[in-house]
Amino acid sequence: MPPVGMEKEYQFKEVERRWYELWEKSGCFRRPESLDGESYTIVMPPPNVTGVLHMGHLLNNTLQDVLIRRARQNGRCVFWQPGTDHAGISLQVVVEKKLIKKGINPKELSREEFLEYARQWRDDHGDIILNQLRHLGVSCDFSKKVHTLDPAYSRTVLAGFVELYRRGLIYRGRRMVNWCPKTQTAISDEEVLMQTQKGTLYRMRYEIVEDPGNFIEISTTRPETIPGDVAVAVHPEDPRYQHLIGKHARRPFPEVQIPIIGDNAVLRDFGTGALKITPAHDPVDFAVGQRHGLSAIDVLTPDGRMNELAGSELCGLTRESARGKAVQMLRERGLLLAAEDYEHSVGISERSGVPIEPRLSDQWFLSYPCVERAKAAIQNGVIQFFPRRWEKTYLHWLDNIQDWCISRQLLWGHRIPVWYRRGCDRRDPANWHVSLVGPADPENWERDNDVLDTWFSSAFWPLGTLGWPDAKAMAKHNFDFFYPTATLITGPDIIFFWVARMIIMSIAFLGGDMQQIVPFRAVYFTGIVRDSQGRKMSKSLGNSPEPLDLIGQYGADGVRFGLLSIAPQGQDVLFDSVRMEQGRNFCTKLWNACRFRILQGNLEMPPGIIQSFMMAEDESILHSLIDLTQQMELAFSQYEFHGAVQRLEKFFRDDYCDWYVEVCKTRMRQDESQRAHILMLQDIILRHYLQLLHPFMPFITQELWHAMGYSGDEKFIQNVPLKTAEQLKKIATISPNNVAMVAELRETINIIRAHKSFLGLAKQTQLRIYYHSENRRAAILKYGTILCFLCGLGELIDVDSLGGRPTTLTPWGIFAIDAPNNIDNKQELERLRKEIEVMERNIANNETKLNSKDFLSRAPEKIIAGARTLLEENRDKLMKSQKLLAALE
RNA sequence: GGGCAACUAGCUCAGCGGUUAGAGCAACCGGUUUACAUCCGGUAGGUCGCAGGUUCGAAUCCUACGUUGCCCACCA
């Protein structure tokens, strides 16, 4: 097929738009209908419908797309599952705010009315991120998109709940939970962020009832909870207070007698060593209360205000203002002894940013199943983490795992599939109905108003998207073929929220061999994208670039390549738009190199290597290509994309463009007969290189694949089988001697270039160069033209004596540029002296080493031999350099 | 309080027991003989955080310390 014309400039915008459209239209991102060979599945971490596309999405989805496209090249049966998450609390907050703006009070709406608004909002905004990701070139199967609130996926989630309940792992209980007073729902431990805050530690005293006029001193940071005190606790073995145990203290407001008790939970050396016990508002106190049969007095309302039990003076105040008021009341009563500045940790609700309130309430909890097996999956390597260090974090979490509060007092989400018998005690399990379909006589039942934690629903993501647990749906989705998925790409910040829970649920619900039931075989944890100064990207700092603008400016390929080039495995990425620019520049380079090949004309010969035309530099570039291919194979097996893109670029710029193509120019000028052979080799190299590069830069490689006429029957490069390094080796015989000789030639050229630069002769292109060589005369003769061309010199002349000219030492002999007599060789002299100095030092070091008995007796033979060779080489080189120096001086 | 990571050239990072520690960017010098100035050639720049130890040999392994970042933790 004749190559189509190529424009002088690469128009990435037009190219990227055109190919993406073609790809989608052709359905080549779709999960194949016929299931041939091995599957390769990735589930995309579903973006929140409330989310905004950010740099993290770009990095994450680039990595997934790289793996997916490479898998297609390797002939795998690929399925990349996209989707969106309903984002429970986050969406509810957004919609409530919007309603209030419109003058609608969300609290006055019925459940259904509110949900209608919420659904509308989701339908309007939910797919924005997925659509934006198309600009990045993601090749997921959009036709299989799943949303966590889709009816089918909802059934998965609720079926999971029902089954866990049936197994006795989900239970309802009145327990201390993290309460968010702002959103007024319980949240899980993982959603509480501990923050150090400056506060005040108050020292106060309660009077001993049995011993009027005497007091017990107590430390607290929360005087506003005094009305909830039901006891004072001391350590049972604390000699200061032992005698008070069994007596009573007078709680100041509302005034009442409370017992003084002994409990081991009290730390003797903290504060005064006496602790006020407020079971309704502190987890430790709650435990103490349980042990001593104390009641709990809840003095707060759900929105964080004091209630009537707090007494008339405090009732109605917020937590914060009640604290000030309580301090004032203590002072008035002469009970406040001190108020010291105090730094301590406070739990903050991740979602709303306000301090959480430990609160006693009726909630649904999950006792995690299969914890030991979930640990084993990592320990035995059934699931591999990249980088490995996250394994420890994961295992540590599972070692200390607590039951999970999964109910949320929200409207937006999967409503808990539990019904309570109307008018009966909801705490009695006899009055519960738990099922997917609900009770047969619904009129006698009321459904639980709560919904499930969003993370509970995402725990089923790899299962539910493939139809689990419905047998028909699973068959339709070819569950058995596509499960387990290959690699999960996500951030380490959700290792507990999501990764661990998916592993647990999958193991809990699927039976059989661990290899077959884990949700994925590898997890790659990305770093966080930060700004160039290492700060987190945030709206308020204004340091977060707009992803779509970046793509518009540098092209999707440029952005992908740039991002990967600065994203070492598991390390944070310091964003720098200069890198995107480099990515774009590399596209231009690639474009020009291919354009140059096209300008050389069509190739009329059938493909295949003609050994008789093969020259050392051909073998050398093929060797580099094979080496690159091998490195790519290794990189993919180790998830080392950062190094991979750097190697790809280095090969292309240094080995192919700046070396091989330049050599070819000379050769073709010298000898037209080689033309076809050279062009064919370039085609072989470019063709394979485009394939290697394709996962990273899908658009330009596709465009060039087409423009270069490589497409043949298969229009899309991603579907063309990629040759392995082993297969490549078969296309030609490569002699290591020839490769080594080319390496010497390249080094010789580098040295002569530097020499010329040192002498300030860069502008002179027609100067002659003299040489004297002991054993490389034939090679120099053969490659003379190339050498002159690449060094920008005129003519090469073999001489016995180089006279007094400034000379330089290369692997191929001594070279001397025919410089004007008055040339300033000061710099060259200096360089030579420095080089001699370094060499002398090295020789001395090496001699010492080789004179050491210990070294000779203990070091391996190979190392000793290496040291000997090096010493000899250096001595020889030193001798020659000294001669050169003498001649120059 | 416990844990994890990082510390190598001005910046971002490779190297993770064996010859003289590398790359990209930035800096500096120089270059357009028709693929490419979105390019090419060259130069300079490092006692590998600090102190010990193991070893014939340490940037690399061990220990302590320092600095920074992150995670976990119910001292009120």
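Chain naming here is simple, since letters A, B, ... match the order of the sequence lines and numbering starts at 1 in each.
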Kindly say if [X] contacts the phosphate of [N], meaning a side-chain N or O under 4.0 Å from OP1 or OP2.
| X | N | answer |
| --- | --- | --- |
| A/Lys665 | B/A35 | yes |
| A/Gln631 | B/A14 | no |
| A/Lys392 | B/G3 | no |
| A/Arg388 | B/C4 | no |
| A/Asn592 | B/C39 | no |

Polar atom pairs between nucleotides 69-75 of chain B and protein, under 3.5 Å, N or O only, would you list them?
none

Find every protein N or O atom lying less than 3.5 Å from an N or O atom of nucleotides 19-27 of chain B, and list the pairs.
{"from": "B/U20", "atom 1": "O2", "to": "A/Asn842", "atom 2": "ND2", "distance (Å)": "3.4"}
{"from": "B/U20", "atom 1": "O4", "to": "A/Asn874", "atom 2": "OD1", "distance (Å)": "3.1"}

Open item on the list: Surrounding CG of A/Asp399 (heavy atoms of other residues, nucleotides or ligands, distance under 6.0 Å), is the total greater than 12?
Closed with: yes

Distance check, [atom1] atoms only: [N] and [M], in whole angstrom units.
| N | M | atom1 | answer |
| --- | --- | --- | --- |
| B/U34 | B/C40 | C1' | 15 Å |
| B/U63 | B/C50 | C1' | 13 Å |
| B/G42 | B/A5 | P | 40 Å |
| B/U43 | B/U47 | C1' | 23 Å |
| B/A27 | B/G10 | C1' | 8 Å |
| B/C48 | B/G31 | P | 38 Å |
| B/U54 | B/G15 | P | 28 Å |
| B/C65 | B/U12 | P | 27 Å |

Nearest whole angstrom, please: distance from the [atom2] of [N] to the [atom1] of [X].
| X | N | atom1 | atom2 | value |
| --- | --- | --- | --- | --- |
| A/Ile495 | B/C4 | CD1 | P | 15 Å |
| A/Trp591 | B/A35 | CH2 | P | 17 Å |
| A/Ile863 | B/G17 | CD1 | C1' | 10 Å |
| A/Met708 | B/A35 | CE | C1' | 11 Å |
| A/Ile528 | B/A5 | CD1 | P | 17 Å |
| A/Glu340 | B/A76 | CD | P | 13 Å |
| A/Arg597 | B/U34 | CZ | P | 21 Å |
| A/Phe758 | B/G42 | CZ | P | 12 Å |

- [ ] Check whether the side chains of A/Ser188 and A/Glu191 place a donor and an acceptor atom closer than 3.5 Å, and report yes or no.
- [x]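 Yes, a side-chain donor-acceptor pair sits under 3.5 Å.
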
Open item on the list: Any donor-acceptor pair under 3.5 Å linking the side-chain atoms of A/Asn846 with those of A/Asn874?
Closed with: no

Classify [X] by what it touches in the nucleic acid, base, sugar-phosphate, or nothing, heavy-atom distance under 4.0 Å.
| X | answer |
| --- | --- |
| A/Cys587 | nothing |
| A/Ser219 | base |
| A/Ile566 | nothing |
| A/Lys276 | nothing |
| A/Gln571 | sugar-phosphate |
| A/Pro492 | nothing |

Are [X] and [Y] close enough that their ring centres sit under 6.0 Å apart?
| X | Y | result |
| --- | --- | --- |
| A/Trp390 | A/Phe385 | no |
| A/Phe699 | A/Phe12 | no |
| A/Phe496 | A/Tyr394 | no |

Task: Shortest non-hydrogen separation from A/Thr526 to A/Gly491 and the atoms involved - done: OG1-CA, 3.9 Å

Task: Taking every non-hydrogen atom, the tightest pair across A/Gly273 and A/Val266 - done: O-CG1, 3.4 Å

Kindly point out which of [options] is positioned nearest to the side chain of [X]?
| X | options | answer |
| --- | --- | --- |
| A/Arg858 | B/C36, B/U55, B/G18 | B/U55 |
| A/Arg653 | B/C39, B/A76, B/A35 | B/C39 |
| A/Lys834 | B/G45, B/A76, B/G18 | B/G45 |

- [ ] Anything under 30° is parallel, anything over 60° is perpendicular, the rest tilted; go ahead and classify A/Tyr524 against A/Tyr639.
- [x] tilted

Task: A/Tyr656 and A/Phe652 aromatic ring geometry - parallel, tilted or perpendicular at 30°/60° bounds - done: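 Taking A/Tyr656 first and then A/Phe652, their aromatic rings lie parallel (interplane angle under 30°).
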
Side-chain ion pair, [X] and [Y], N-O less than 4.0 Å:
| X | Y | value |
| --- | --- | --- |
| A/Arg875 | A/Glu847 | yes |
| A/Arg647 | A/Asp627 | no |
| A/Arg222 | A/Glu224 | yes |
| A/Asp238 | A/Arg268 | no |

- [ ] Mind listing the residues from residues 850-857 of chain A sitting with a heavy atom below 4.0 Å of RNA chain B? Number order is fine.
- [x]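 Listed by number, they are A/Asp854, A/Phe855.
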
List, one per line, each side-chain donor-acceptor pair under 3.5 Å for residues 857-868 of chain A, sequence neighbours excluded.
{"from": "A/Ser857", "atom 1": "OG", "to": "A/Lys853", "atom 2": "O", "distance (Å)": "3.0"}
{"from": "A/Ser857", "atom 1": "OG", "to": "A/Asp854", "atom 2": "O", "distance (Å)": "3.2"}

Open item on the list: By nearest heavy atom, map A/Phe789 and A/Asn750 onto RNA chain B; which one lands nearer the 5' end?
Closed with: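 Comparing both residues, the 5'-ward one is A/Phe789.
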
Task: Closest-nucleotide 5' rank along RNA chain B - winner of A/Phe596 and A/Ser757 - done: A/Phe596

Task: side chain to side chain donor-acceptor pair (under 3.5 Å) evaluation trace for A/Tyr206 with A/Asp229 - done: CA-CA 11 Å; A/Tyr206 286 4; A/Asp229 288 358; 2.7 Å; yes

Task: A/Glu16: partners by side-chain hydrogen bond (donor to acceptor under 3.5 Å, both in side chains), with sequence neighbours left out - done: none

Open item on the list: Looking at A/Lys589 and B/C36, is any side-chain donor or acceptor paired with a base atom of the opposite kind under 3.5 Å?
Closed with: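 Looking at the base of B/C36, it does pair with a donor or acceptor on the side chain of A/Lys589 (distance under 3.5 Å).
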
Task: Helical stems, RNA chain B - three or more consecutive Watson-Crick or G-U wobble pairs below 3.5 Å - done: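 Ordered by first number, the stems with RNA chain B (at least 3 consecutive pairs each) read B:1-7 with B:66-72, B:10-13 with B:22-25, B:27-31 with B:39-43, B:51-53 with B:61-63.
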
